[in-house]
Amino acid sequence: MSVDFRDTITIAAPAAVAGDIMKAVQDWPSWTASVSGVERAATGPLQPGETISVKQPKLAKSTWNVTRVDTHGFEWTSSSSPGVRNVAGHWALDNGDGTCTAELTLSFAGPWPASSRSSIRA
């Protein structure tokens, strides 16, 4: 069973600029209240194969493995919860007019009982 979320917003910046901001995960706590801490051992550009710890308010710390990076964003996976695999994407899609659409995706996959699935809302 999989539960998928997707959210988008238009940003008044080129996709490459928004993508660079999203890929600078170590800076997230300075601009988003949804992340209170990031531990990244590497410096420089985000790379596939990196392992990064993320702390979010009211949640346990989670470990994410970067699987894909390109000019406009990245994807990573986490299996921090037993039996659950998370895949999250952070992408900036060029609109061709100097703006971009930031697209954030999150997919939870695992063997949940039906009663647990009904309490999850997109």
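For reference, positions follow the sequence shown, starting with 1.
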Are [Y] and [X] co-members of a hydrophobic cluster defined by side-chain heavy atoms under 4.5 Å apart?
X: Trp31; Y: Ile11; answer: no
X: Leu104; Y: Leu59; answer: no
X: Phe74; Y: Val54; answer: yes

[X] side, atom [atom1]; [Y] side, atom [atom2] - distance, nearest 0.5 Å:
X: Phe108; Y: Asn86; atom1: CZ; atom2: CG; result: 5.0 Å
X: Glu103; Y: Asp7; atom1: CD; atom2: CG; result: 9.5 Å
X: Arg6; Y: Leu106; atom1: CZ; atom2: CG; result: 13.5 Å

- Write down the atom of Pro48, the atom of Thr67, and the distance for their closest heavy-atom approach. CB-O, 4.1 Å
- Heavy-atom pair with the smallest gap, counting every atom of Val35 and Pro57: N-CD, 4.2 Å
- side-chain contact (heavy atoms from CB on, under 4.5 Å) involving Asp97 - partner list, sequence neighbours excluded: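 With sequence neighbours excluded, Asp97 shows a side-chain contact (heavy atoms from CB on, under 4.5 Å) to Asn95, Thr99, given in chain and number order.
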- Message: Tell me every residue that passes side-chain contact (heavy atoms from CB on, under 4.5 Å) with Ser53, counting only those two or more places apart in sequence or in another chain.
- Response: Glu39, Lys61, Thr63
- Message: Keeping Gln56 on the side-chain end and Ser34 on the backbone end, is there a donor-acceptor pair under 3.5 Å?
- Response: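 Yes: the side chain of Gln56 pairs with the backbone of Ser34.
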- Can any side-chain N or O of Thr8 pair as donor or acceptor with the backbone N or O of Thr101 at less than 3.5 Å?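 Not at all, since once roles are kept as given, no pair shorter than 3.5 Å links the two residues.
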- Between Ser62 and Trp64, a side-chain donor and acceptor under 3.5 Å: yes
- Would a 4.5 Å heavy-atom cut-off, applied to side chains only, mark Val87 and Glu75 as touching?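 SC-SC contact between Val87 and Glu75 confirmed.
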Indicate every side-chain donor-acceptor pair of residues 15-29 with a distance under 3.5 Å to a residue at least two apart or in another chain.
unit_1: Lys23; atom_1: NZ; unit_2: Asp70; atom_2: O; d: 2.9
unit_1: Lys23; atom_1: NZ; unit_2: Thr71; atom_2: O; d: 3.2
unit_1: Gln26; atom_1: OE1; unit_2: Arg40; atom_2: NH1; d: 3.2
unit_1: Trp28; atom_1: NE1; unit_2: Met22; atom_2: O; d: 3.0

- Can you check side chain to side chain contact (heavy atoms under 4.5 Å, CB included) on Arg85 and Thr77, steps first, answer last? CA-CA 7 Å; Arg85 181 173 186 266; Thr77 64; 3.2 Å; yes
- Task: Show your working on side chain to side chain contact (heavy atoms under 4.5 Å, CB included) between Trp76 and Leu46 and close with a plain yes or no.
- Result: CA-CA 11 Å; Trp76 56 9; Leu46 194 64; 5.9 Å; no
